[in-house]
Amino acid sequence: MNFENILFEENNHIGYITINRPNKLNALNKATIAELNEAFESAREDHDIKVIILSGSGEKAFVAGADISEFAEFSPKEGRRLAAEGQEKLFDVVANFPKPVIAAVNGFALGGGLELAMAAHFRIASDNAKMGLPEVSLGVIPGYGGTQRLPQLVGKGRAMEMIMTAGMIDAQQALDYQLVNYVTAPEDLIPLAEKLAGKIMNNSMVAISAAIRAVNANYEVGVNGFEVEIDGFGSSFGTEDFKEGTSAFLNKRKANFPGE
Ligand code: COA
């Protein structure tokens, strides 16, 4: 696959998806969103990839937002389409991805950048990271899920304050807000993501997919998450991974999950 705006590679069962427009602080333009969609769809089918690490190129930014130069002249109709298509092609894809997606936030994560990190299943950050939803300073509101996911992660009051002030919080405050799970030195960020991916990959990826679905169900209007959990729990009993996991435990050996 030939990408111009992202890097996509696989190593040791980790898919590294890196937004690669460092001169524009990795701002998300239409082409980048299309390439990210293509990379995620390819990673979905690639049996070698078990976990995704999503990050930004360069030392300065994860993603500094949607590309402002692309939408400055948009009409309301075009604005609506921008948000709807972006959510469908990228943000919902990431949030509902059947394999774990770890966002490694290596600098500015603003607007669509923070929204992308929030769509990931969890986030870690380097100590130089800065996060915020500055959209109202441009006369617009977050359009890639920010008004929904930020309150879910940090609580309504903090989300309201961040959105209304358009301010940035630093990595330490993001940790205090539970917006990120860990803060590290920049050079330790990807190694930490890899360490976490390694711990994840010791487990049944089939069960993890079902767990992602069940956790996400809690945030879907009209869906009973407990029912989704019961279904996922029950289905697990029909998998080879379940046979292997239980048999390994009972035989006091390490499980080697077949992944089916
Ligand atoms: N869209 C388009 N271009 C962007 C961008 C965005 N969201 N964020 C940064 N860039 C571009 C800048 O225009 C600049 O391009 P240029 O060199 O061709 O002029 C380049 O990236 C570097 O950014 P610059 O502003 O010079 O860096 P800085 O260190 O002075 O400031 C930020 C960094 C993140 C504070 C600043 O770039 C910024 O405020 N970006 C916009 C953030 C935002 O509002 N995002 C939400 C969009 S909905």
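Here the structure is a predicted model, which means the values were calculated and not measured. Both counts, for ligands and for their atoms, begin at 1 and track the order of listing.
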### Query
Is there a donor-acceptor pair under 3.5 Å between the side chain of N96 and the backbone N or O of D92?
yes
### Summary
Counting from 1 in the order shown, the ligand 1 atoms closer than 4.0 Å to a non-hydrogen atom of K60 are 27 (O), 28 (P), 29 (O)
### For V206 against G259, the heavy-atom pair lying closest together
CG2-C, 3.4 Å
### Query
Starting from atom 5 (C) of ligand 1, which protein heavy atom do you reach first, and at what distance in Å?
A27 CB, 4.0 Å
### Task
Using a strict cut-off of less than 4.0 Å between a Lys/Arg side-chain nitrogen and an Asp/Glu carboxylate oxygen, indicate whether E240 and K243 qualify as a salt bridge.
yes
### Query
Considering all protein heavy atoms, does one lie under 4.0 Å from atom 19 (O) of ligand 1?
no
### Task
Indicate whether atom 36 (C) of ligand 1 is within a distance of less than 4.0 angstrom of some protein heavy atom.
no
### Query
Hey, is R213 close enough to D231 for a salt bridge, meaning N to O under 4.0 Å?
no
### Query
Which protein heavy atom lies closest to atom 23 (O) of ligand 1, and at what distance to 0.1 Å?
L25 CD1, 3.6 Å
### Query
With a 4.0 Å cut-off, strictly under, does atom 43 (C) of ligand 1 pick up any protein heavy atom?
yes
### Task
Provide, to 0.1 Å, the distance between atom 1 (N) of ligand 1 and the closest protein heavy atom, together with that atom's residue and name.
I68 N, 3.0 Å
### Query
Under the 4.0 Å line, does any protein heavy atom show up next to atom 26 (O) of ligand 1?
no
### Query
Looking at side-chain heavy atoms only, is the closest gap between E78 and F71 below 4.5 Å?
no
### Message
If we set the cut-off at 4.0 Å for heavy atoms, which region of A64 has an atom near ligand 1: side chain, backbone, both, or neither?
### Response
both
### Heavy-atom protein neighbour under 4.0 angstrom from atom 29 (O) of ligand 1
yes
### Query
Are any of the side-chain nitrogens in E35 or K30 under 4.0 Å away from the carboxylate oxygens of its partner?
no
### Message
Would you say the rings of F8 and Y16 are close, in the sense that their centroids are separated by under 6.0 Å?
### Response
no
### Message
Quick check: do E115 and E135 have side-chain heavy atoms less than 4.5 Å from each other?
### Response
yes
### Message
Between ligand 1 and N23, can you find any atom pair, the residue atom being a heavy atom, that is separated by under 4.0 Å?
### Response
yes
### Query
Which protein heavy atom lies closest to atom 34 (C) of ligand 1, and at what distance to 0.1 Å?
L110 CD1, 3.5 Å
#### Entry: Which of the ligand 1 atoms, numbered from 1, are nearer than 4.0 Å to a heavy atom of D67
1 (N), 2 (C)
### Query
Within a strict 4.5 Å, meaning less than it, do heavy atoms of the K99 and V51 side chains meet?
no
### Query
Would you say ligand 1 has an N or O under 3.5 Å from any N or O of K24?
yes
### Task
May I ask which of P22, G112, A66, P134 has a heavy atom nearer to atom 6 (C) of ligand 1 than the others do?
A66
### Message
Are the side chains of V101 and F40 in contact, using a 4.5 Å heavy-atom criterion?
### Response
yes
